[in-house]
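A quick write-up on the structure given underneath.
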Amino acid sequence: MLDHRLIRENPALVEEKLSVRGIKLNLSPLHKLTLSIKNKDIELSNLQSESNKISKLIGSYYHNQEDSSVFDINELKRKGNNLKTEISKLEQIKRDLNKQIIDEISKLPNFPSQNTPAGTDERQNIELRKWGDTSNKKNIKSHWDIGEKLNLFDTKRTSRISKSRFITLIGNGARLERALINFMLDSHYKNGYLELMPPALVNTESLRGSGQLPKFSNESFKCHEDDLWLSPTAEVPLTAFHKDEIINPKLLPLKYVAYSPCFRREAGSYGRDTKGLIRLHQFNKVEIYWYSHPDQSEEAHSQITSDAENILQELDLPYRVVDICAGDLGFSSSRTFDLEVWLPSSHTYREISSCSNCLDFQARRSSIRTKIDNKTTFLHTLNGSGLAIGRTMAAILENGQQDDGTVKIPDVLIPYFGSSLIKSN
RNA sequence: GGAGAGGUGGCCGAGUGGUUGAAGGCGCAGCACUGGAAAUGCUGUAUAGGGGCAACUCUAUCGAGGGUUCGAAUCCCUCUCUCUCCGCCA
């Protein structure tokens with residue numbers, strides 16, 4: 001969430017900063033609301049002050065058994081009563097205004113960073129670096145063909161179990177998924193991350209706090225009976241974990257890693273990536289997350305990105321790093337580096353991790369603070385996939401495929417998987 | 001699902017109608033003592049929003065929302081969360 005004071009004091013600046021995302025905003029209605037609530041606030045606190053004075057006067061009378069001729073108690077009570085009705089009227093008005101303001105501000109995305117490239121869509125994203133060998137190989141098969149041949153997963157039966165865009169992993173497929181999760185968790189643990197295993201169902205407030213709501217309610221599955229949602233990413237519970245806390249600056253940065261299943265409705269993606277492991281309603285992901293001192297979040301951003309990259313390098317998967325342009329930036333992020341893994345069958349890089357610096361945007365929404373020079377300040381949050389498991393499996397299948405139809409397992413994964421090759425189940 | 005007990009500041013924990021924003025302790029910060037540290041002592045230390053150059057000052061906040069009252073952490077109602085016991089259950 002943006003600072004409402006900034007909207008009150010300089011709406012033009014807010015419009016300008018958000019315009020680089022390609023959104024045209026007219027904040028003047030919201031601006032007027034913020035001004036009028038300020039006026040109501042002043043008026044209200046004057047009335048409350050007066051009311052408090054009267055109460056104290058009456059209190060001192062009862063306490064000291066003062067001569068009632070100094071003031072008329074009943075007259076004072078009458079006055080207090082009148083003030084009370086005025087106050088409650090004003091409070092109601094203020095509550096309504098406040099709700100409107102919060103609703104509107106919650107819909108505004110984060111400011112892109114100074115360093116975020118300009119641009120309106122993904123074509124203006126900037127490739128920062130590449131890693132690994134993407135040289136052409138012959139007879140490359142897609143990961144879904146490989147998966148089908150080796151019987152690693154099933155979609156047809158699964159559509160009977162639930163519906164399309166779900167998958168059942170089978171045998172070596174399931175083992176590989178499990179191996180990847182464990183390998184990634186262990187790897188991040190060695191880099192100083194504390195492992196959390198959060199719930200998959202989260203409440204509305206948690207989704208709001210990390211920025212998935214109110215704008216993207218279509219993207220998540222909801223359990224209406226219980227007012228809970230299936231979490232679309234562990235970023236949600238990881239943000240909410242320290243909600244409403246003031247964190248001792250000595251403890252910063254806090255670094256967490258969490259495995260979680262992720263659930264996304266993928267509304268509006270009909271026909272896209274219908275085959276394979278790329279776009280599913282349910283997938284597994286290992287997420288890394290930092291709570292950072294505000295002065296150090298830029299450094300933290302480089303570090304969290306390289307921690308995610310490290311996984312790809314250990315798995316020997318070719319990838320590139322892309323600096324996401326303002327128009328393509330996620331709602332809560334001010335700067336995002338995407339890691340894109342090489343998928344030789346389609347001769348493309350596909351997103352496998354998104355490492356974002358949200359600055360104080362999520363921290364303000366979730367009220368997560370720290371102390372700097374004895375002043376309470378919102379801290380910064382950063383998140384990154386480390387990595388999306390399904391897409392990692394797709395990349396391993398495609399990059400490790402061999403002429404005889406088997407798939408070579410990356411060395412680091414052998415102890416987890418228990419074999420250096422995937423053969424047919 | 002049934003019964004009961006609770007939710008107070010960064011943390012623990014007093015506080016049942018009137019200067020209580022809240023004792024005490026811990027933690028934290030500063031100062032003193034020290035060669036340095038530990039221990040000790042002193043001082044300070046909630047959050048948000050107004051006003052003021054500032055000292056300072058006003059308002060709100062004791063799980064949330066209502067109610068009673070001139071006045072509520074304290075009394076009443078609703079909700080919510082946590083804990084204990086019983087039941088059920090991986």
Side-chain angles (χ1 to χ4, degrees), chain A residues 1-10 30-31 33-66 68 70-102 105-106 197-209 223-229 237 240-254 261 291 293-294 360 363-379:
Chain A
M1 193 152 69
L2 302 177
D3 187 353
H4 66 278
R5 208 176 333 191
L6 192 59
I7 288 162
R8 190 177 73 214
E9 285 165 7
N10 199 346
L30 179 57
H31 178 236
L33 288 179
T34 60
L35 288 179
S36 85
I37 200 170
K38 191 184 165 189
N39 288 332
K40 296 291 174 202
D41 208 24
I42 292 169
E43 205 180 325
L44 179 63
S45 65
N46 286 339
L47 289 179
Q48 282 165 330
S49 174
E50 209 177 317
S51 166
N52 288 342
K53 275 181 199 141
I54 289 174
S55 296
K56 277 184 185 151
L57 217 54
I58 297 172
S60 72
Y61 162 75
Y62 282 121
H63 240 323
N64 309 324
Q65 296 300 312
E66 273 176 39
S68 61
V70 180
F71 41 73
D72 182 346
I73 288 296
N74 289 328
E75 173 58 23
L76 278 181
K77 286 190 180 177
R78 213 172 4 259
K79 244 175 135 178
N81 229 331
N82 290 341
L83 277 173
K84 194 165 62 169
T85 49
E86 268 188 80
I87 286 170
S88 72
K89 254 189 254 171
L90 255 182
E91 279 175 340
Q92 185 57 49
I93 291 170
K94 222 190 103 179
R95 254 199 304 277
D96 291 347
L97 275 174
N98 197 45
K99 188 179 181 310
Q100 282 182 57
I101 289 169
I102 295 286
I105 295 182
S106 297
M197 202 169 279
L201 267 65
V202 296
N203 61 32
T204 300
E205 199 38 47
S206 296
L207 277 175
R208 210 197 66 79
C223 313
H224 288 275
E225 288 285 304
D226 301 286
D227 198 26
L228 289 169
W229 306 68
F241 191 63
H242 285 295
K243 184 174 155 54
D244 292 327
E245 290 185 24
I246 298 173
I247 294 168
N248 187 333
K250 280 192 213 158
L251 301 175
L252 297 178
L254 293 173
Y291 291 85
H293 187 289
D360 63 0
R364 182 174 283 109
R365 289 170 95 93
S366 302
S367 185
I368 307 166
R369 294 165 294 178
T370 188
K371 294 258 190 190
I372 301 174
D373 300 330
N374 257 329
K375 270 199 70 181
T376 312
T377 318
F378 293 110
L379 48 69

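Each chain gets a letter, A, B and so on, in the order its sequence line appears, and its residues count up from 1.
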Inset, instruction - Please measure how far the P atom in B/A37 lies from the corresponding atom in B/A32, and state the result in whole Å. - result: 11 Å
Inset, instruction - Would you check if A/E245 and A/R369 make a side-chain contact, meaning some heavy-atom pair closer than 4.5 Å? - result: no
Inset, instruction - Write down the distance separating the P atoms in B/A3 and B/G13, rounded off to the nearest Å. - result: 28 Å
Legend entry - Integer angstrom distance from the C1' of B/G41 to that of B/G51: 39 Å
Inset, instruction - Rounded to the nearest 0.5 Å, what's the gap from CG on A/D244 to CD1 on A/I368? Could you check? - result: 8.5 Å
Legend entry - Gap between atom OG1 of A/T376 and atom CD1 of A/I247 - 0.5 Å precision: 12.5 Å
Legend entry - N-O pairing of A/R208 and A/E205 below 4.0 Å: yes
Legend entry - P spacing across the pair B/C79 / B/G2, given as an integer number of angstrom: 12 Å
Inset, instruction - Examine B/U59: is either OP1 or OP2 under 4.0 Å from a nitrogen or oxygen in the side chain of A/S49? Give yes or no. - result: yes
Inset, instruction - Could you tell me whether the phosphate oxygens of B/G71, OP1 or OP2, come under 4.0 Å of any side-chain nitrogen or oxygen in A/K84? - result: yes
Inset, instruction - Determine the Euclidean distance between corresponding P atoms of B/U61 and B/G21; express it in Å to zero decimal places. - result: 11 Å
Inset, instruction - Measure from the side-chain heavy atoms of A/T376 and tell me the nearest of B/G18, B/A48, B/G50. - result: B/A48
Legend entry - For atom CG of A/N46 and atom C1' of B/C58, their distance in whole Å: 8 Å
Legend entry - Partner nucleotide of B/A3 by Watson-Crick or wobble geometry (both distances under 3.5 Å): B/U84
Legend entry - A/R364 side-chain N/O to B/A48 phosphate OP1/OP2 under 4.0 Å: no
Inset, instruction - Can you tell me the pairing partner of B/U19 across any strand shown, Watson-Crick or G-U wobble, with both distances under 3.5 angstrom? - result: none
Legend entry - Residue matched to B/C26 through Watson-Crick or wobble contacts both under 3.5 angstrom: B/G10
Legend entry - Residue closer to the 5' end of RNA chain B, A/N52 versus A/K375 (nearest nucleotide): A/K375
Legend entry - Pairing of A/E75 and A/R78 as salt bridge, 4.0 angstrom limit: yes
Legend entry - Rounded distance (Å) that lies between atom C1' of B/G51 and atom CD1 of A/I42: 8 Å
Inset, instruction - Can you tell me the distance, in whole Å, between the CG atom of A/D3 and the C1' atom of B/A48? - result: 12 Å
Legend entry - Check: A/T34 side chain, A/H31 main-chain N or O, donor-acceptor pair, under 3.5 Å: yes
Inset, instruction - When you get a sec, tell me which of B/G71, B/A46, B/G49 is the closest nucleotide to the side chain of A/S55? - result: B/G71
Legend entry - Which residue lies more 5' along RNA chain B, comparing A/Q92 with A/Q48 via nearest heavy atoms: A/Q48
Legend entry - Separation of B/U59 C1' from A/K38 NZ (nearest whole Å): 14 Å
Inset, instruction - Can you tell me, in whole Å, how much space there is between the C1' of B/G10 and that of B/C56? - result: 26 Å
Inset, instruction - State the pairing partner of B/A73; accept Watson-Crick or G-U wobble contacts with both distances under 3.5 Å, and report none otherwise. - result: none
Inset, instruction - May I ask you to verify if any side-chain N or O of A/R78 is less than 4.0 angstrom from the OP1 or OP2 atom of B/C70? - result: no
Legend entry - Separation of B/A48 C1' from A/F378 CZ (nearest whole Å): 9 Å
Legend entry - G-U wobble or Watson-Crick pairing nucleotide for B/C31 (cut-off 3.5 Å, both distances): B/G41
Legend entry - Between B/G10 (P) and A/I247 (CD1): distance, integer Å: 13 Å
Inset, instruction - Determine which nucleotide pairs with B/U61, using a 3.5 Å limit on both distances of a Watson-Crick or G-U wobble pair. - result: B/A46
Inset, instruction - Specify the separation, in whole Å, of atom CG of A/N203 and atom P of B/C79. - result: 19 Å
Legend entry - Side chain A/N203, main chain A/S206, donor-acceptor under 3.5 Å: yes
Legend entry - Separation of B/G49 P from A/L47 CG (nearest whole Å): 22 Å
Legend entry - Separation of the P atoms in B/A72 and B/G87, to the nearest angstrom: 45 Å
Legend entry - B/A48 phosphate, OP1 or OP2, under 4.0 Å from A/R369 side-chain N/O: yes
Inset, instruction - Could you measure between the two P atoms, the one in B/C11 and the one in B/G27, and give it in whole Å? - result: 15 Å
Inset, instruction - Compare side-chain N and O positions of A/K250 against OP1 and OP2 of B/A29 and report whether any pair is under 4.0 Å apart. - result: yes
Inset, instruction - Tell me whether the OP1 or OP2 atom of B/G10 has a side-chain N or O from A/N248 closer than 4.0 Å. - result: no
